[in-house]
Amino acid sequence: MTERIGVYPGTFDPITLGHADIIRRGSKLVDRLIIGVTTNPSKNPMFSTEERLAMVEREVAAMALGNVEVVGFDALLMKFARAQGATMIVRGLRAVADFEYEYQMAGMNQQIDDGIETVFLMADVSLQPIASRLVKEIALYGGDIAPFVSPAVCDEIIARVDKIGRRGDY
């Protein structure tokens, strides 16, 4: 029997409790789940690729999932997935807006390699509003991000905001 390998790609800037939920649940669907930490030219990351890799590795290690590994990549997703031997892309969905974007991406990815399926996991209801972009914005304006990320990630974000400067006067 062939090993089922899945790839869960993302920028993870930063990794949130929503990401952790998808990692836990996605790891049950495959023999091996590869968390692909990537760059995205359209996003302005708070953390470097190396910092995000270290952050995701630490968070995954804390989950104690024996079949999950973290790999950085800067390539077309389907080429990366193929190189990893993956037959599945795991994606998390929070809302209808996510679905529209992800549906389009899944269609394009299928055109590139129809041997790799995209599997969507709905975010846990309590985690659906969490988005890395919003976590960063809340932190930059001095809001409480503790409900959205692990304590270690919270500390890293606060330290980064202290370094780059908080925004807003209130």
Side-chain angles (χ1 to χ4, degrees), residues 1-47 49 52-53 55-138 145 147-150 153:
M1 187 168 178
T2 306
E3 183 181 38
R4 290 173 301 153
I5 300 170
V7 169
Y8 178 34
T11 53
F12 304 100
D13 184 51
I15 185 170
T16 68
L17 296 179
H19 291 129
D21 178 58
I22 298 298
I23 291 168
R24 271 189 222 92
R25 293 170 44 221
S27 72
K28 296 175 187 174
L29 302 177
V30 293
D31 298 310
R32 190 162 55 109
L33 182 63
I34 298 163
I35 311 305
V37 179
T38 188
T39 58
N40 185 333
S42 67
K43 295 184 178 181
N44 184 20
M46 179 177 273
F47 297 96
T49 302
R52 289 182 285 116
L53 272 166
M55 187 184 298
V56 174
E57 286 171 351
R58 183 194 61 236
E59 295 298 306
V60 166
M63 291 183 227
L65 302 170
N67 67 332
V68 178
E69 64 184 274
V70 180
V71 178
F73 76 102
D74 185 19
L76 191 62
L77 171 59
M78 298 312 277
K79 285 185 179 181
F80 172 72
R82 197 177 307 128
Q84 299 301 313
T87 56
M88 178 189 309
I89 303 295
V90 175
R91 299 297 294 159
L93 294 175
R94 295 174 309 217
V96 173
D98 282 352
F99 178 77
E100 292 172 4
Y101 173 78
E102 294 292 346
Y103 180 79
Q104 183 178 22
M105 290 300 297
M108 293 296 287
N109 287 339
Q110 185 180 41
Q111 294 294 313
I112 295 168
D113 189 332
D114 64 0
I116 301 175
E117 292 292 334
T118 300
V119 174
F120 298 109
L121 294 177
M122 293 300 299
D124 182 274
V125 174
S126 67
L127 303 173
Q128 284 180 0
I130 301 173
S132 293
R133 177 184 55 81
L134 296 176
V135 169
K136 290 185 290 190
E137 187 173 326
I138 292 166
I145 58 169
F148 313 122
V149 295
S150 74
V153 171

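Numbers for residues simply follow the sequence, beginning at 1.
Residues passing the ring-ring contact (aromatic ring centres under 6.0 Å, His included) test with Y8 are F12, sequence neighbours excluded. In this structure T39 satisfies the side-chain contact (heavy atoms from CB on, under 4.5 Å) test together with T49, R52, D74, sequence neighbours excluded. Partners of R91 by salt bridge (charged side-chain N to carboxylate O under 4.0 Å, His left out), not counting sequence neighbours, listed by chain and number: E102. Contacts of F99 classified as ring-ring contact (aromatic ring centres under 6.0 Å, His included), with partners at least two apart in sequence or in another chain: Y103. In terms of the salt bridge (charged side-chain N to carboxylate O under 4.0 Å, His left out) criterion, E117 has no residue partners (sequence neighbours excluded).
A 4.5 Å side-chain heavy-atom check between L77 and V7 finds at least one atom pair inside the cut-off. No side-chain heavy atom of Q110 sits less than 4.5 Å from a side-chain heavy atom of T118. Side-chain contact between V153 and R58 is present, with heavy atoms from C-beta onward closer than 4.5 Å. In this structure, the side chains of V68 and M63 stay at 4.5 Å or more apart for every pair of heavy atoms. Between R133 and T11, every side-chain heavy-atom pair lies at or beyond the 4.5 Å cut-off. Contact annotation: the side chain of F148 approaches that of I138 to within less than 4.5 Å [non-hydrogen atoms, C-beta and beyond]. At least one side-chain heavy atom of L53 sits less than 4.5 Å from a side-chain heavy atom of V70. Looking at M46 and S132, their side chains never come closer than 4.5 Å, going by heavy atoms from C-beta outward.
Scanning all heavy atoms of the two residues, the minimum distance from I15 to I23 falls at CD1-CD1, 4.0 Å. Heavy atoms only, all atoms of each residue included: D98 and R94 are closest at OD2-N, 2.8 Å. Taking both residues in full, the closest heavy atoms of S150 and L17 are given as N-CD2, 3.8 Å, listed atom of the first, atom of the second, then distance. Here the shortest heavy-atom pairing between P129 and L134 reads O-CD1, 4.0 Å.
Of the possible donor and acceptor atoms, none in the side chain of D21 sits under 3.5 Å from a partner among the backbone N and O of A123. A distance-only check finds no donor-acceptor pair linking the side chain of N109 to the backbone of M78 [under 3.5 Å]. R4 places no side-chain N or O within donor-acceptor distance of the main-chain N or O of T87, the cut-off being under 3.5 Å.
Between I34 atom CD1 and Q84 atom CD the span is 4.0 Å, to the nearest 0.5 Å. Atom CD1 of residue I5 and atom CD1 of residue I116 lie 10.5 Å apart, to the nearest 0.5 angstrom. Taking CD from E137 and CD1 from I145, the interatomic distance works out to 12.5 Å, rounded to the nearest 0.5 Å. One finds the CG atom of L65 at 14.5 Å from the CZ atom of R32 (value rounded to the nearest 0.5 Å).
Note on residues 71-93: pairs passing ring-ring contact (aromatic ring centres under 6.0 Å, His included), not counting sequence neighbours, are F73-F80.
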query = Step by step, would you call V135 with I130 a side-chain contact (heavy atoms from CB on, under 4.5 Å)?
reply = CA-CA 7 Å; V135 169; I130 301 173; 4.2 Å; yes

ask   = Between D13 and N40, is a side-chain contact (heavy atoms from CB on, under 4.5 Å) present by the stated rule, with each step listed?
value = CA-CA 10 Å; D13 184 51; N40 185 333; over 6 Å; no

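More than 12 heavy-atom neighbours from other residues, nucleotides or ligands sit within 6.0 angstrom of CE on M122.
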